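Worksheet: the structure to be examined is printed underneath.
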Amino acid sequence: MSERTLNEIMDQRREKIKALVADGIDPFPHNFDRSHLTTEAIAQFDEIEGQAGTRLAGRLMSRRVMGKASFANIMDGSGRIQLYLSREDLGEQVYSMFKRLDIGDFIGVNGLMMTTRTGEKTLKVLELTLLSKNIRPLPNVKEKDGQLFDGFEDKEQRYRKRYLDLIVNPDVKETFVKRAQIYKSIRKFFDDSAYLEVETPILQPLYGGASARPFKTHHNTLDMDLFLRIADELYLKRLIIGGFEKVYEFSRNFRNEGMDRTHNPEFTAIEWYEAYVDYFFLMDQVEALFNHLAKDLGQSEFEFNDHTIDLTKPFKRATMAELVQQYADIDLATASVSDLLKVCRAHQIDAASEANYGQLLDALFDSLVEPHLIEPTFVTEYPKAISPLAKNKRGSDGTFVERFELFIAGNEFANAFTELNDPIDQRERLEAQAALRAGGDEEAQTLDEDFLQAMEYGMPPTGGVGVGLDRLVMLLTGNRSIRDVLLFPQMRPETKG
RNA sequence: GGUCGCGUAGCUCAGCUGGUAGAGCAGUUGACUUUUAAUCAAUUGGUCGCAGGUUCGAUCCCUGCCGCGAUCACCA
């Protein structure tokens with residue numbers, strides 16, 4: 001990093017500030033009254049053309065000085081507009097101040113709309129006010145007809161300095177505007193169905209509701225360790241027990257695990273719970289939610305991971321066993337645990353020799369089936385062994401539970417079950433998880449005594465769903481990396497050497 | 001965590017399997033009153049990611065480290 005060169009540029013700009021102050025110009029005034037956004041001024045051109053008093057503000061993005069007259073572009077939150085400035089209109093002093101401005105400065109202008117010889121709607125500037133001085137050079141970007149030249153493309157720097165990315169790369173802004181639309185659309189979906197939006201603790205004395213390793217922190221006054229939540233499930237269920245019959249939460253979760261294209265240490269899930277419904281209801285509801293999102297975004301097909309996904313067609317449904325049977329080519333009606341282990345070994349699938357039927361089925365599913373699930377597909381009937389919070393499949397021998405996951409383009413998008421509400425069964429299952437933990441499984445769930453007590457007071461039949469929101473945003477915005485849908489993705493600290 | 005690739009000016013990139021670096025833009029100075037990646041002329045700017053090693057000599061070859069990307073393993 002050549003600090004020296006950069007410092008020269010920055011020194012020059014600091015000197016400019018001193019010179020401006022010496023001339024009685026405030027480089028950082030406190031406000032500016034705008035009459036229009038840049039895009040409004042263009043859209044309302046016919047009404048305001050030629051009328052003085054059009055006041056715009058924004059960041060100076062480019063400049064073309066031709067002696068006594070200049071063109072420039074400013075950018076505000078809505079877009080860009082061209083300015084025309086001349087010595088004749090501004091006077092010697094202001095015009096020469098303009099010539100000493102830098103790309104990146106904020107300015108306010110007052111003038112009138114006109115059309116240039118080449119037909120571009122342009123503000124002819126009669127008054128110019130410096131609003132904020134830049135001292136650090138912006139990435140140098142040329143733009144023509146919406147096309148960018150040179151630009152700011154270093155992925156690492158774009159994530160580290162997202163503010164620059166937002167200034168310079170317009171589609172980045174679009175992704176986050178869309179993310180906000182998606183949140184709004186989800187809220188509307190649930191609010192319109194009489195759901196209550198709730199907030200539950202992020203700092204938890206025990207963590208649960210998912211299988212993952214947590215972040216740990218410490219509260220000084222209480223002198224106790226706390227965990228950042230890995231899921232909000234157990235708290236939402238307490239609310240169902242408490243009598244809120246439909247609740248949802250946008251839950252920022254934290255998992256102390258690996259990072260890659262689809263995993264950030266903190267991420268957002270939406271979870272919702274509804275009393276008296278089962279997973280059949282939830283499947284229809286999830287499908288309706290995805291439909292609703294597609295409709296709100298005005299789109300039915302989405303490009304994601306090299307696939308075109310239609311969210312408005314009916315989603316497929318199949319049991320996990322059917323899919324494993326199909327893709328692993330085994331007859332599950334007769335296959336024993338050791339048969340499943342053999343198939344795992346044959347496909348080089350990592351499986352412990354003491355793994356049970358459910359774990360092996362899940363391992364086969366992950367490796368052999370998941371990648372094939374491109375069209376939206378509900379996979380139903382999960383093994384009980386990997387689902388400690390889900391209710392037994394009705395009319396079955398207890399191997400399977402009433403659970404489904406939604407897969408799109410080989411990725412999981414939703415996880416839901418008919419919730420286990422039998423406090424005796426729940427206690428046994430969490431005790432089994434605790435035994436696994438004692439045996440060294442760091443991801444096994446903890447036994448939350450307060451949660452079990454809550455359930456002992458009685459919990460109605462309930463259905464619950466979790467959807468990974470970041471992945472959903474990836475799907476709906478066509479981004480391949482979770483970092484592209486998070487404004488400030490987690491990065492390793494940048495150190496010298 | 002494993003494997004592969006990348007890291008050169010503020011930005012975008014060249015740099016011959018070794019002789020201590022170039023361009024465009026940005027910046028600075030000058031010309032130019034309808035340009036739009038404005039143009040023209042001149043000019044500043046570099047610990048070539050960091051640390052070692054090989055060599056008379058390293059941006060280039062080797063080793064380690066740091067960061068990023070892709071991919072595999074685990075998770076949403």
Side-chain angles (χ1 to χ4, degrees), chain A residues 1-13 15-16 61-73 80 82-89 95 100 102-104 114-120 122 124 134-145 147-160 164 168 210-213 230-231 251 253-271 348-350 363 366-367 405-406 411-415 442-443 466-472 474 480-483 489 491-497:
Chain A
M1 290 292 244
S2 65
E3 291 296 327
R4 212 178 116 224
T5 304
L6 180 57
N7 279 340
E8 281 169 10
I9 294 173
M10 293 183 67
D11 281 345
Q12 284 166 356
R13 296 189 183 182
E15 289 304 318
K16 283 183 182 180
M61 295 304 287
S62 66
R63 196 171 35 165
R64 297 170 290 284
V65 178
M66 299 159 301
K68 298 183 187 70
S70 300
F71 287 93
N73 288 79
R80 288 167 176 249
Q82 177 168 266
L83 308 178
Y84 172 78
L85 309 95
S86 70
R87 193 175 71 173
E88 193 179 310
D89 296 327
Y95 188 68
R100 277 181 277 125
D102 292 296
I103 305 297
M114 61 157 201
T115 312
T116 62
R117 188 186 286 166
T118 51
E120 181 162 352
T122 299
K124 181 178 163 80
N134 159 295
I135 62 169
R136 191 178 287 271
L138 244 38
N140 171 48
V141 173
K142 297 283 182 171
E143 184 255 343
K144 185 188 181 169
D145 302 331
Q147 234 203 317
L148 296 180
F149 299 85
D150 287 343
F152 181 52
E153 290 171 1
D154 184 292
K155 279 256 174 205
E156 178 178 354
Q157 290 306 316
R158 289 176 57 186
Y159 295 141
R160 287 189 192 281
L164 289 181
V168 157
S211 300
R213 280 146 63 197
I230 59 171
S251 178
N253 296 333
F254 305 83
R255 298 190 185 174
N256 206 341
E257 292 172 341
M259 292 162 57
D260 63 23
R261 199 164 58 74
T262 56
H263 296 85
N264 193 68
E266 58 182 294
F267 67 100
T268 305
I270 176 162
E271 290 204 20
Q348 274 111 42
I349 296 167
D350 194 26
D366 279 356
S367 302
E405 294 192 345
L406 171 64
N411 287 89
E412 182 192 330
F413 278 85
N415 180 20
E442 283 187 81
E443 293 191 351
V467 171
L469 263 189
D470 309 288
R471 286 202 190 153
L472 181 59
M474 286 164 66
R480 297 187 86 93
S481 169
I482 195 169
R483 289 184 156 176
M491 301 289 282
R492 282 199 170 79
E494 197 175 24
T495 51
K496 306 232 165 181

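Computed from a prediction, not measured in an experiment: that's the story for all the values here. Because only heavy atoms are used, hydrogens play no part in the values below, and waters and symmetry mates are left out as well, while side chains stay in. Letters A, B, ... are given to chains in the order of the sequence lines, protein chains preceding strands, and every chain is numbered from 1.
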Given 3.5 Å as the limit, does a donor-acceptor pair link the side chain of A:Ser251 with the main chain of A:Asn253, or not?
no
Can you find a donor-acceptor N/O pair under 3.5 angstrom joining the side chain of A:Tyr84 to the base of B:U33?
yes
P-based separation of B:G52 from B:U71 [nearest Å]
36 Å
Show your working on side-chain contact (heavy atoms from CB on, under 4.5 Å) between A:Asp470 and A:Asn264 and close with a plain yes or no.
CA-CA 9 Å; A:Asp470 309 288; A:Asn264 193 68; over 6 Å; no
How far, in whole Å, is B:A26 from B:U63 if one measures between their C1' atoms?
38 Å
Check every atom of B:U35, B:G67, B:C25 against the side chain of A:Arg64 and return the nucleotide holding the closest atom.
B:U35
Could you state the atom-to-atom distance from CG of A:Asn7 to C1' of B:U44 in whole Å?
15 Å
Just how far, in rounded Å, is C1' of B:C74 from CG of A:Asn264?
16 Å
To the nearest 0.5 angstrom, please state how far the CG atom of A:Asn134 sits from the CZ atom of A:Arg13.
5.0 Å
Using centres under 5.5 Å plus planes under 30 degrees as the test, is A:Phe71 stacked with B:A38?
no
Nucleotide nearest A:Ile482 when distance is taken to its side chain, options B:A76, B:U28, B:C68:
B:A76
What is the distance from CD of A:Glu405 to C1' of B:A76, rounded to the nearest Å?
9 Å
P atoms of B:G24 and B:A14, separation to the nearest Å
16 Å
First locate atom OG1 of A:Thr122, then atom CG of A:Leu85, and finally report the distance between them rounded to the nearest 0.5 Å.
10.5 Å
What is the separation between atom CZ on A:Phe149 and atom P on B:C13, rounded to the nearest whole Å?
14 Å
Can you tell me how far P of B:U44 sits from CG of A:Asp11, to the nearest Å?
18 Å
Atom P, compared across B:G10 and B:G45: separation rounded to whole Å
13 Å
A:Arg480 or A:Phe413, whichever maps to the more 5' nucleotide of RNA chain B:
A:Arg480
Does A:Arg63 place a side-chain N or O at less than 4.0 Å from the phosphate oxygens OP1/OP2 of B:G27?
yes
For nucleotides B:C48 and B:G19, find the distance between their C1' atoms and express it as a whole number of Å.
16 Å
Which nucleotide, B:A38, B:G69, B:A70, lies nearest any side-chain atom of A:Arg261?
B:A70
Options B:U12, B:U33, B:U28, nucleotide nearest the side-chain atoms of A:Ala69:
B:U33
If the P atom of B:A37 is compared with that of B:A31, how far apart are they to the nearest Å?
25 Å
Counting distance alone, no hydrogens or angles: does the base of B:U35 have a donor or acceptor under 3.5 Å from a partner atom on the side chain of A:Gln82?
yes
Can you figure out which of B:C11, B:G27, B:C13 approaches the side chain of A:Arg13 most closely?
B:G27
Between the main-chain N or O of A:Asp154 and the side-chain N or O of A:Tyr159, is there a donor-acceptor pair closer than 3.5 Å?
no
Quantified in whole Å, what is the P atom distance between nucleotide B:C6 and nucleotide B:U17?
16 Å
Quick check for you: among B:G45, B:A76, B:A26, whose closest atom lies nearest to any side-chain atom of A:Lys142?
B:A26
Would you say the side chain of A:Thr116 and the base of B:U35 hold a donor-acceptor pair, judged only by whether the two atoms sit under 3.5 Å apart?
yes
Strictly below 4.0 Å: does A:Arg471 bring a side-chain N or O up to OP1 or OP2 of B:A76?
no
Would you say that more than 12 heavy atoms from the other residues, nucleotides or ligands in this model lie under 6.0 Å from the CZ of A:Arg64, or not?
yes
With the side chain defined as heavy atoms from C-beta on, A:Arg117 is closest, among B:U34, B:U12, B:U44, to B:U34
Taking the side chain of A:Arg483 as its heavy atoms from C-beta onward, which of B:C13, B:C32, B:C68 lies nearest to it?
B:C68
Option among A:Glu120, A:Gln82, A:Arg63 that satisfies the side chain to side chain contact (heavy atoms under 4.5 Å, CB included) test with A:Phe71
A:Gln82
Taking only the side-chain heavy atoms of A:Pro137 (C-beta and beyond), determine which of B:G45, B:U28, B:G10 contains the nearest atom.
B:G10
Between P on B:U35 and NZ on A:Lys124, what's the gap in Å once rounded to a whole number?
15 Å
Distance check, P atoms only: B:G27 and B:C11, in whole angstrom units.
15 Å
Name the closest nucleotide to the A:Glu153 side chain, picking from B:A76, B:G10, B:C13.
B:C13
Scan A:Glu120 against the nucleic acid and name what it touches under 4.0 Å (heavy atoms): base, sugar-phosphate only, or nothing.
base
Protein-nucleotide distance (A:Leu6, atom CG; B:A26, atom P), rounded to Å:
17 Å
Without decimals, in angstroms, what is the distance between A:Lys155 NZ and B:A70 P?
7 Å
Starting from the 5' end of RNA chain B, give me the residue, A:Asp154 or A:Ala210, whose nearest nucleotide shows up first.
A:Asp154
